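Contents: one structure, followed by commentary.
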Amino acid sequence: MGFPNAVGATDFLRAFRSAVFPSNWRLLNSQTVPPVLLRTGGEGERAGQRSKRVLDALEESLKTPDGRAVAFARPQRHRSADPGQDLLTLHVGRELPRDPSKRTGRLKLRDFDLVDRLVEEARGLAAQSPDELSDRQLQDLLGGATLRNQLYERRVAEPDGLPHALAQLAPPVDGSGVVMTYVTRVVARPLFYRLPRRLWSWRWKRRLLTSRRYGWYRQWLNLARTHGTFFDRISEVLGGQAIALRGNAQDQQNALLELEKLLLRAMLADLHRAHSGRVGPWKRRRRTRRVVLLDLPAAAEDGGKDANRFLQAYRSVYRVDGSASLLVVGAGQPDDYVEVSGQRWHQERAEGLAAEAQYLLTPPDGHAGDNDPWLLLPSLADSDFDGVGLAVARVQPPTPVLGPRAESSVQVAVVSTAVVALVLGATPIWRGGSGEDTRCLDGSKVSDTVVPEALRNVDATQNVLRGTAGKSPYRTVVEQIEEVNNKAALAAERRGATVRTVVYLGSSVSADKSKGEYNGAVAELRGVWLAQIRLNSEAAKDPQNEKVQLIVGVRDSGKDFVNAPAMADDIVEETRANDQYQDHRTIVGVVGFAESRYKTLQAARKLSAGRVPLISTTATADEMQTAGQYYRPMAPGNSRESQIAADFALSGSVIEEKDDPEENSGYCESAVQAVVVSDPSDLYSKEIGGQFAGRFGDEAKRIGYPDRDTDGSDVARRVCAYKKQERRTVLYWASRVESFNTFLDNYNNTGCAYQNLTVIAGNELTNAALAGEYTPALNWLRLYHTAHVLPVGHPQANGEAKRFARHYAYYAGEDDPWRSDGHGPLGYDAYRVLSWAIDGANASNRGEVNAAGVKSKLDSDIELEGVSGAIMYPEGNAGSKPPVDKGFVIVGYTKAGPQLVLHCGKFSVHKPSVDKWGPNGLDCPKDE
């Protein structure tokens, strides 16, 4: 449904787009636009539908087909867990920087982020019972020095940044020796921890208090003196408001209003810093206002109190620096909203939209006689909502050719070149050939050394996940999960903690060690355990009791998931039977399904039909996505993987110039012929093999294996024959890992023995490759395989991935062969997303958590920083698609060991996607 087709609607929408993207960019710094609150009328559910329709149409105009054209926030997009007590500015400040427009640079709200943490700390402490935390103790915990120390400790805990690096040089005193204790206390701690903390505090004081240009906090409170630190000054405000939050309803609302003002003032100070300008690549890209879209429930509703409070706070900071770059538009029932005495609006209640459009185009400075700022309150009639409405044209600011950093680098390079030319008295000479880079794609080695780190507040010893002489790694991790399960059940029994059950559905690990543990189950279960023990520990300490502790029921469906459909029936039956109890017996979801097989597809369909949420880890077949609306995959699908693999073979330098490995020159060519080996009876193998062949083209030859009419030696002979026919042949192995090992054993019994062979394979080979199955001694084998995570130590790994690597090294060992395997991170991420949805269901309906409530949360817009990269499911996620632009990797094996050759996709929610690969800058395929 489009925007209501009221009289003057076209003029209003045109004025709205002009206000967002004005022709004169200087207005963004000087001309504040009055808020527009559209009165949409209606009663009950119909009122909410009308306001949603208006806001949806306006939001659509601020988007592009693949992202956002304008920075905007819709703070009430998701239902609040605490209506009437929600600070909308928190949501606005957190959403505005998300998904910046292409090549415009990220919006940084540093002041807001700091105040956000301070306010949340105060609210969290105030929420504790006075019996547990007295008012005096509350004031002490919100003292300036305490706040400074707590926030700096959190800054140090963040793996990126100088404070963290310096703190590593000052380890905590552990009593290991008198000399080390003395050195740490007398030298290391003062120099690398306390001094940086003092400088960090001084920087915030300079930024917020003493700066003449940006010292907004001093100006806001009209402070005559700026003695002490910034934290000393803000503790005075936070302490008083925290006490008020414990008072009666009126005291609470007044305190929330003051905190809303504080947050909004900090955010506007950041927006003022990020103003438009002519000089500087970042300033030149800021040519639009930031938009806030408000839902306006009736004043008597809890949601109405939150919206009213935001508008009162916005009135208090109207016309301060930064407000000109913000446009507030609301829709709903604002007629009975209360104004704060002394801070009133001049309300313009025009019935038509055309008159309001004029005020948007030429905003009035104030109303004659009172100088109150204007508030536009146009009204929409019931008949305006008939029909499909108007399609709103999108705001279309230009997309720069280069990003701000790239442009800045080019400017520096040009200036540097000019200076060098001037100094040398000659024109610079550019070197280099005109052809493409044809060096073999061997990739780059990253340092996989990490410092093991234990989880906080977790009772588990170092190397607890390593197998012993009498116990396999698989059995070891299962027993560790059972131990965590017992603690969760005990918490439910003794303390009444909210506990639910999730099921892990996996496949057997071979008891024969000679066959290897190559199905990824061990690494995957380790990832599940790490997520379970960490999140259960956090849930146990949650003062709001919103987080849920989870029991993980590990179920082995047999080799190749042969018993998965029958187990799915059992899970559905148990879920229905135990839903009535609402305790640790209640099943709320399933994780696992590491492989795409016809058995797992059948099981996934049974679970979805039984309304049991399921998140698969590494099942990649596109057909798995047809399992039903309760199914969510975590890994990218076969269609994208096959596209990347085909492009890699056709465009990458992957085929050696000579057949003899002793004559390798270091230069390679792309493939012109492919031999695709796939298992016609296997869902994953059949699908991805067919997709690769189709994308490669007519020169793709197909071999079915395993097959009744084909054995390993026959496959090896046929591959050799194709290789002799065309030297630039690549073997794409879509079949399973056991078949590949058999093929290798037979290949050197053909006429191509010990001659160069390039193989590209899927994630199926990851475990075997990392375990050293394909050693560098096979110097004739150029092997590439896909993966779903960046290797440990890669500089583009996000903070969550770095933390996971440290914890994994601590509990599984620094030398564990699967520390860079994707099964562990994807197991961790699948569990974490399910846990996030379970927590959300509990927050919405305290204590009544079931599979239906979890499904509802999984249908919402999900954006999480995952170990495997950004996890972004759009709202509804029609068709059960994988996360948008999920990270994807190709690893090569050389004499130096495994090396990263290609990576595409979004590896952090805070950074843009990697959209180019290889030395020649080829495009990464996108989701279809």
Side-chain angles (χ1 to χ4, degrees), residues 45 48-49 51-53 55-56 59-60 62-63 67-68 72-83 86-88 90-99 292-295 297 302-303 306 498 500 502 531 535 539 544 546-548 550 588-591 607-608 611-616 625 627-634 800 829-866 869-886 906 909-910 927:
E45 185 178 348
Q49 293 172 347
S51 62
K52 183 177 184 300
R53 173 178 171 180
L55 296 178
D56 285 348
E59 179 181 346
E60 192 62 27
L62 305 177
K63 293 181 177 180
R68 297 185 176 202
F72 68 89
R74 195 165 170 182
Q76 300 132 299
R77 185 187 308 276
H78 306 298
R79 185 177 181 83
S80 172
D82 194 11
D86 205 8
L87 296 174
L88 298 189
L90 286 176
H91 303 291
V92 173
R94 293 168 184 173
E95 187 176 351
L96 281 180
R98 290 182 188 170
D99 300 324
V292 178
L293 299 175
L294 282 180
D295 185 20
D302 287 335
D306 296 333
T498 304
R500 295 293 184 270
V502 299
L535 297 177
Q544 305 296 327
E546 292 181 352
K547 296 184 177 181
V548 180
L550 296 179
V588 291
V590 176
V591 294
L607 289 171
S608 189
R611 299 183 177 182
V612 180
L614 162 63
I615 302 181
S616 71
Q625 298 171 23
Q629 288 299 313
Y630 280 71
Y631 174 80
R632 293 285 182 275
M634 182 57 64
E800 194 73 17
D829 286 345
Y831 180 99
R832 182 167 173 235
V833 169
L834 188 58
S835 177
W836 173 89
I838 294 167
D839 290 344
N842 185 49
S844 299
N845 194 9
R846 192 62 58 89
E848 300 291 327
V849 187
N850 54 24
V854 174
K855 168 62 165 59
S856 176
K857 293 300 176 182
L858 290 174
D859 284 342
S860 63
D861 185 28
I862 300 175
E863 185 172 317
L864 296 173
E865 191 83 298
I871 303 172
M872 298 187 298
Y873 291 104
E875 186 172 359
N877 195 30
S880 300
K881 299 292 185 181
V884 176
D885 206 15
K886 193 69 166 59
K906 197 167 180 63
V909 296
H910 308 299
D927 288 314

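Everything numeric in this text was worked out from a predicted model, so none of it was measured. Scope of the values below: all heavy atoms of this structure, side chains included, with no hydrogens, waters or symmetry mates.
Of all heavy-atom pairs between S616 and P633, the closest is OG-CA, 3.3 Å. When every heavy atom of R632 is checked against every heavy atom of S880, the shortest pair comes out as NH1-OG, 3.5 Å. Between A841 and V849, the closest heavy-atom pair is CB-CG1, 4.2 Å. For Q76 against L293, the heavy-atom pair with the smallest separation is OE1-O, 4.3 Å. When all heavy atoms of S860 and W836 are compared, the pair lying nearest together is OG-CH2, 3.6 Å. Considering all non-hydrogen atoms of both residues, K857 and A837 come closest at CG-O, 3.5 Å.
Inter-residue side-chain proximity for P882 and Q625 is flagged as met; some heavy-atom pair is nearer than 4.5 Å. The shortest distance between side-chain heavy atoms of V591 and M634 does not fall below 4.5 Å. Side-chain contact between E546 and D839: absent, with no pair of heavy atoms (C-beta onward) separated by less than 4.5 Å. Contact check for V502 versus R500: no side-chain heavy atoms found under the 4.5 Å cut-off. Here the side chains of P75 and L294 are in contact, with some heavy-atom distance below 4.5 Å. Side-chain atoms of L834 and V590, non-hydrogen and from C-beta on, never get closer than 4.5 Å to each other. The closest side-chain heavy-atom distance from V588 to P613 is not below 4.5 Å. A heavy-atom distance below 4.5 Å is not found between the side chains of L535 and L550.
In summary, E863 and R94 do not engage in a salt bridge, as defined by a charged side-chain N under 4.0 Å from a carboxylate O. Taking 4.0 Å as the cut-off between side-chain N and carboxylate O, E95 and R77 count as a salt-bridged pair.
D99 places no side-chain N or O within 3.5 Å of a backbone atom of R68 that could act as its donor or acceptor partner. Judged purely by atom type and a 3.5 angstrom limit, E800 has no side-chain atom pairing as donor or acceptor with the backbone of G866. Between the side chain of R74 and the backbone N or O of D295, no donor-acceptor pair lies under 3.5 Å. For the pair T498 (side chain) and V548 (backbone), a donor-acceptor distance under 3.5 Å is absent.
A distance of 8.0 Å separates NZ in K886 from OH in Y873, rounded to the nearest 0.5 Å. Taken to the nearest 0.5 Å, the CG atom of D859 stands 8.0 Å off from the OH atom of Y630.
At most 12 non-hydrogen atoms from other residues, nucleotides or ligands lie less than 6.0 angstrom from CZ of R611.
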